[in-house]
Each structure stands twice: as C-alpha cells, then as structure tokens.
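Notes to accompany the following structure.
Chain A is the first sequence line, chain B the second, and so forth, proteins listed ahead of strands; every chain is numbered from 1.
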Amino acid sequence: MEPTPVIDEILSTLNEQQRSAAVHGRDPLLIVAGAGTGKTTTLAHRVAHLIADGVNPARILLLTFTRRAAGEMVRRVDGILRQLNHLSEKRGARVGKYSGKQLWGGTFHAVAARLLRMHGRSIGLEPEFTVHDRSDSEDLINVLRTELDLASAETRFPRKSTCIDIYSRCVNSRRSLQDVLTNSFPWCVQYADDLRRLFAAFVDRKEHNAVLDYDDLLLFWHGLLSDPAAGTAIRSRFDCVLVDEYQDTNLLQAEILQLLRPDGQGVTVVGDDAQSIYSFRAATVRNILDFPETYANTRVIPLEQNYRSTQPILDVTNEVIGQAQQRHEKKLWSEQTQGEPPVLVHCQDEDEQTEFVISEILAHREKGVDLRKQAVLFRASQHSMTLELELARRNIPFHKYGGLKFVETAHVKDLMAYMRLAENPRDFVSGVRVLLLLPGIGPKRTRDLMLLLNDAGGDFRVWEEFDPPAAAKDYWAKFVELMRNLNGPKLQDLPHQVHCVFEFYGDLLQRKYDHADARLRDLEQLEQLANRFPDRATFLTEITLDPPASTQDLAGPPTLDDDYLVLSTIHSAKGLEWDAVYVLHAADGKIPSDMATKNEAEIEEELRLFYVALTRAKNSLYVCFPLNDYMPGRGFGRHSMSQLTRFLPKGIRKRFHERTGIAAPAADEQVEMQPHITSEMIRRQSRSMWS
DNA sequence: TGTTGGAAAATTTTT
DNA sequence: TTTTCCAACA
C-alpha cells in the first residue's frame, strides 16, 4: 500500500534525514542518532508510518532501555496516529482506525518475562516462576558458597557480588568462564574450578526453586527462540522489531534480535556509539558498529541536526567526544547559533560547589526557568549527598534518580519476600528471608522448614505441625495463617494482601530496625503502589524488573504546580534533557571515576559518560569542580586527584567562561535562615543512607 | 540462635 | 574511612 498524502503531511515536520528513516521500507535499518537529534520523534513517526502502511500494531515489537522510554514511545506513536485519523476523516479518506496502544513495548527483560509466561511451557518452563533481582541472586550464591564449603578455603574466595558479576558477564557476553576471568577478573583466575562448581549449583538451584534472575530472562528467551517449534511461534508473532539505545545492548541481546528476525527484514535499531555507557553490564558498542555487516542490505541513516542545545554548547560537546579514539565521525550542529557559553566553575571545596549550584538554580528560577527544567548530574550517587542535605535544609524540593532505590531497602524487600513466597513456595531465598525475621529462628531451622515446605508441595499447612522455639511462640501461628490466607480465597485483593503482610510484619520491623516510623511509611506507600497492578504475579515481576526510580514515581502522576529540581546520576539521565544542567565533581577521580581507569577502554567509557552529561543541556551548562575534596582512603585535602577532569584539556577549556564558586555564608548566618524541616525531607534523606 | 570483635578488603554506574 | 566476612562466645 502506498503511503497516503495524509501521512506525508504528518511527516513534513521532520527534517530530511529523519523523514528518510521514517519512511524506510522493511530492509534492516540503522539510525545513528546523535544526542538531541530527535531520535524519539523519528522512531515514533517510523512506527506510525508502519502502522499506516498496514502493519498490525500488535505485531510490532519495540524494545527500549527503560519502561519509561517504552511508555513515552507508545504515547508519541498514539498521538501521531490520532492526528492521522483526524486528518483522514476531515479529508473524507477511507482509512482504518489506527491505535498505538496494542504495540508490544518494554525492556528486553520485561518482554522476555511476558513471552516466557506465554510460551515457556513448550520448553519445559513452568509459567509460575518468580523473578530474582541482583541481591536475591547474591543471597542464593551465598547459600551455595557455604553449602559447597568454598568459604572456608585458606585463601579468600571472591565475594558474593563479585561471583554474580562474573556469572552475569559470562551469560551476557556469551563468553567462557576462563575467558571472562582472564580478561575481566584476573585476580579470580585461581578460583576457576570452584566458581564453575558454584555456578553449576547456582543454575540447578534456580531451576529447583522455580526462579529466574535477570540473566535467565534473556538466556531463556534466547533458548525459546532456538527451539524449532517455540522459536517459530515467537517469530511469527512479530513483523517488525525496533530497538532503541542499541549501543547499550549486549551480545546476548544482539543474538536474541538475530533469532527474532534472522534475515533482518523489519529490523530497525537506533543508537549512538558516542553514548555507550553500560559496558559494566556487558554492553558492547560492537553491536551497533557491526550491525551493517551482520545484516545484509542494511541502510545506515545518521541524524546530525541537533534540536536540543545551543551551538556554543555543541561546540564544546563535539570537541569533548572528539577525543575518543573509536567512533563514528559525526558533527552535530544546531540552528540556534546564539547562546551563553558553558561555564567552568572553580570551587575551593564541596561546600562552595553546593553554594554555587543552589544560588545559580535559584537565580534561574527567578528568571522563569522552573526547577523541573533544571538538573544536577553526577557520576556516583554519593556525590550528591552534601547537596541533598543543603537542599532539604533550605526547603528546596528535589527528586533524586539513580542510586539506592526504594525497593532495594531492607524493609521493602522483607515485605515483598512474603508476597513472593506466597506466589512461589519453592522460592528458597524469599522463604529464608521471611523465616529469619522471626525471633528464635536461625539458619538451621529455616533450612529445615523450607525443605519441609518443599516436600509438602508448597502447602503451608505443614508448618502448623512445627513446634516453634519459645521466642517465636507468639508469632508462629499468626505467621502460618498469614501465609495460608495469602493463597486462600479470602484474600484475593492485592492491596489487601499487602496490608495483611504489613500488619504482621510491622511488629517485627520495629524490633529489627532503627527509623521504624519512616520505614513503616514506606510500606504504606507500597500498599498504595499495589493498587496499580492487576494481580500479584504482575506486581512482583514489574516491581523487580522496573522498580520506581524515585520516590516521586510512587506518588502517582505529579500535579502541575508541583515543581522540583532533578538530581540524577549521569547513567539515569540518559535520553533526558533540561534547560539548565549542572555537572558536579568534574575532577579526576570522580569523573573519570577512580575505579574505572584501569585501562584505555574504561577511560574512554568515562569520556562518553561525561559527554552524555554535557549533552543533556539545552541553554545553560555549568561544570563544577572542587579543588579541595575528600577522597576515600586518602582523607581530606588538596589532592593531585582533585584536579580538573582530564576530559577538559586546555584547548577545550578556552570555549568555557571560567569563574569561581561562591563561598558559603558564615555559620551563624546559616542558622538564621534555618527553615522548618518536614518529615518528608528527613525520610528522603534517611532513605538514601540505608543500605 | 544471636551478638560481638577483629581483620581484611573495598570504595560506581543498573536491567 | 567504612563495609564485609568470619570465628568465637553467650
């Protein structure tokens, strides 16, 4: 079917490169989209065009990096389609009603979970599996490490998180243990045999417990596609597959894409090699660089016109990324030739940096730039601690993205473990977590009770026979009743289930943790959150695969007059933009991070990360660096580390306006401006300090 | 089972 | 400097 004149009209808002990407046929397509070049717009128009061209939206798969990105994409596609329907009707053209709501969208992991619940049975995977997050996997590794007696070796065995890192990298980069150890974890090579035993047990145990972890979701999806019957079934579901942020996919994901569309027909990938920042998760920039060789007849379309930043900012970002050794040459340009030069701020110490950033943010607000149009970016979550305290003290609302999340706090994990054990009584890690909360019950009894439950086929009634130790007497009967009720007919309603767990667990929480009040309020929020999910399995899976990124996400859609500043790790800022951007701690040791300068490849990734931070800015860009700073393990002082980031050599510095920070007011002055502190501020603060 | 002390190791980004 | 791990003890 030829595109209608109506769709041509809608596509007329795109520039030439964008339009040719949108109307490209079914041959493999690689869109190399520089920062701020209208990537989302282009992709949304392409999807709308496909649908208008007769492709059933339910047969389009849109793989994104976060659920937020997926939601945004669906919203945009739907908007374009509504416009299309409207225009067609006005012209009296006969067109079917199009909708973007039926699109398959989500992260690789979320889509994997959906497909595995639908088709898993055909490869012998029961659909009732629960999903483990990273810390659950660490817990399981820890159990197995003890069982296999690996911990008592004379030399120190790698810690549990290192074990998971190694395992995960093997799976996601499709490389052998030996290979991964030699290249990425050379100090663990001596444990190769023990690790192999450990991982074998890990795989067995996950199967036995009916759980899948992040890596399994991809691995099993890959397996599903490799199976002749199931693979054909999945492949026949989709006509087109579009992948966003392709530079941050790993080899396993690239193979999944290839298995989905072996000939590349209907495949579109979008990305920017200059923004590849997830190699620690085994992402490889080779996926996007090698795409044209992998798929025959690939058309490569670059997007170079930037609609986000002013030219003075682009001049700097172009030069910064120009320092990279391996990249696709491209020069971003903007029609907005005028603008303030970016500012390089020399601060004596972190307090001065904080003072400068806050006063500048307030000045911008005075000039009409809302707080929500401004963002403070940093390399590591910890880097914003001082700023957060000061913002709270001055009553300036903010939201922090990245770092420790709500669902990773111990009390939320506890509550979720009850729900998960009810959903899947074979889930050993969740069972252990829940049982250990009871006084008088330790590792030994926990193990026995879980084995008992397993033998009973997951029927919690077997626990009624158990004679609890004195300390657990008060709790045991109530606990078993709770677990039975969670799976009984009386407690169908999900928020009510959460509430019942809350009532039982609240008591234990107060015995176990400090800040009990704040934690209890978190759990109330969780109860509210449960309202948004249709059933328990969906709730558990979604919360694990896409946890609320900030506390704001829990409060529901923000109201219009709700203005707040954004604080974010650079990683979590990917794909976003603000009028004014402040980059903190642009000093060697922090950017690039001390921990990521072992080799050239790592340093180059830090450079790209810095590039991502700078390219978030539309009009104003501030890069701050404190001269005197605290460095872990070295104490406080003026360090050689604390010099301006190596990513801004003299030549590039010339493009900045340089200035000094603002000294913090004297101590007594500060006391005078002390505002009232709300519980919300304290909660926000304390939350970020728990682990 | 639960707590405590001491030694050793790590210190970032996240689906 | 702080966190994590493990062994010994109550």
Quiz item: What pairs with A:A380 under side chain to side chain contact (heavy atoms under 4.5 Å, CB included), at least two apart in sequence or on another chain?
Solution: A:H383
Quiz item: What's the CD-C1' distance between A:Q253 and B:dT15, to the nearest Å?
Solution: 8 Å
Quiz prompt | Listed partners of A:S279 passing side chain to side chain contact (heavy atoms under 4.5 Å, CB included), at least two apart | solution = A:E605
Practice problem: Give the nucleotide from the list B:dT13, B:dT15, C:dT4 with an atom nearest to the side chain of A:S381. | Solution: B:dT13
Quiz item: A:L609 and A:I570: which non-hydrogen atoms are nearest, and at how many Å?
Solution: O-CG2, 3.4 Å
Exercise. Could you check whether A:F108 gets within reach of a base, just the sugar-phosphate, or nothing at all, counting any heavy atom under 4.0 Å?
Key: nothing
Self-check item: Residue A:H109, side-chain atoms from C-beta onward, closest of B:dT15, B:dT13, B:dT12
Solution: B:dT15
Quiz prompt | A:E542 bridged to A:R67 by N-O distance under 4.0 Å | solution = yes
Between N or O atoms, less than 3.5 Å apart, protein on one side and nucleotides 2-5 of chain B on the other: list the pairs.
from	atom 1	to	atom 2	distance (Å)
B:dG2	OP1	A:G440	N	2.6
B:dG2	OP2	A:I441	O	3.4

Quiz prompt | DNA chain B stem ranges, 3 or more consecutive Watson-Crick or G-U pairs under 3.5 angstrom | solution = B:1-10 with C:1-10
Exercise. Using a strict 4.0 Å threshold on nitrogen-to-oxygen distance, state whether A:K444 and A:D448 make a salt bridge.
Key: yes
Quiz item: Hey, are A:K473 and A:D467 close enough for a salt bridge, meaning a charged N less than 4.0 Å from a carboxylate O?
Solution: yes
Quiz item: Given atom CD1 of A:I277 and atom P of B:dT14, what is their separation to the nearest angstrom?
Solution: 9 Å
Practice problem: Check side chain to side chain contact (heavy atoms under 4.5 Å, CB included) between A:R445 and all other residues, then give those that pass, not counting sequence neighbours. | Solution: A:I441, A:F466, A:P469
Self-check item: Short side-chain N/O contact from A:S572 to OP1 or OP2 of B:dT14, under 4.0 Å
Solution: yes
Quiz item: How many Å lie between NZ on A:K160 and P on C:dC5, as a whole number?
Solution: 5 Å
Quiz prompt | Closest to the A:R145 side chain, choosing from B:dT14, C:dC5, B:dT12 | solution = C:dC5
Exercise. Choose from B:dT15, B:dT12, C:dT4 the nucleotide whose nearest atom is closest to any side-chain atom of A:R134.
Key: B:dT15
Quiz prompt | A:D427 side chain to A:H132 side chain, donor-acceptor N/O pair below 3.5 angstrom | solution = yes
Self-check item: Salt bridge present between A:K39 and A:D272 (N-O < 4.0 angstrom)
Solution: no
Quiz item: Are the ring of A:F65 and the six-membered base ring of B:dT15 within the stacking cut-offs of under 5.5 Å and under 30°?
Solution: no
Quiz item: Just one of A:L252, A:D213, A:L218 clears the side chain to side chain contact (heavy atoms under 4.5 Å, CB included) bar with A:V171, so which one?
Solution: A:L252
Practice problem: Would you mind reading off the distance between A:W187 atom CH2 and B:dA8 atom P, rounded to a whole angstrom? | Solution: 20 Å
Self-check item: Out of B:dT1, B:dT12, B:dT14, whichever nucleotide has its closest atom nearest the side chain of A:K444
Solution: B:dT1
Quiz item: Nearest-Å distance, CG (A:L540) to C1' (B:dT15)?
Solution: 17 Å
Below 3.5 Å between N/O atoms, which protein atoms pair up with nucleotides 8-10 of chain C? Just atom names and distances, please.
none

Exercise. State, without any angle test, whether A:T386 and A:E350 hold a side-chain donor-acceptor pair at a distance under 3.5 Å.
Key: yes
Quiz item: Using 4.0 Å as the upper bound for N to carboxylate O, is an ion pair formed by A:E606 and A:R379?
Solution: yes
Exercise. Name the closest nucleotide to the A:R445 side chain, picking from C:dC5, B:dT1, B:dT13.
Key: B:dT1
Self-check item: Side-chain N or O of A:T569 closer than 4.0 Å to phosphate OP1/OP2 of B:dT14
Solution: yes
Quiz item: On DNA chain B, nearest-nucleotide positions of A:R159 versus A:D546: which is more 5'?
Solution: A:R159
Exercise. Spell out yes or no: do the side chain of A:R379 and the base of B:dT12 have one donor N/O and one acceptor N/O closer than 3.5 Å?
Key: yes
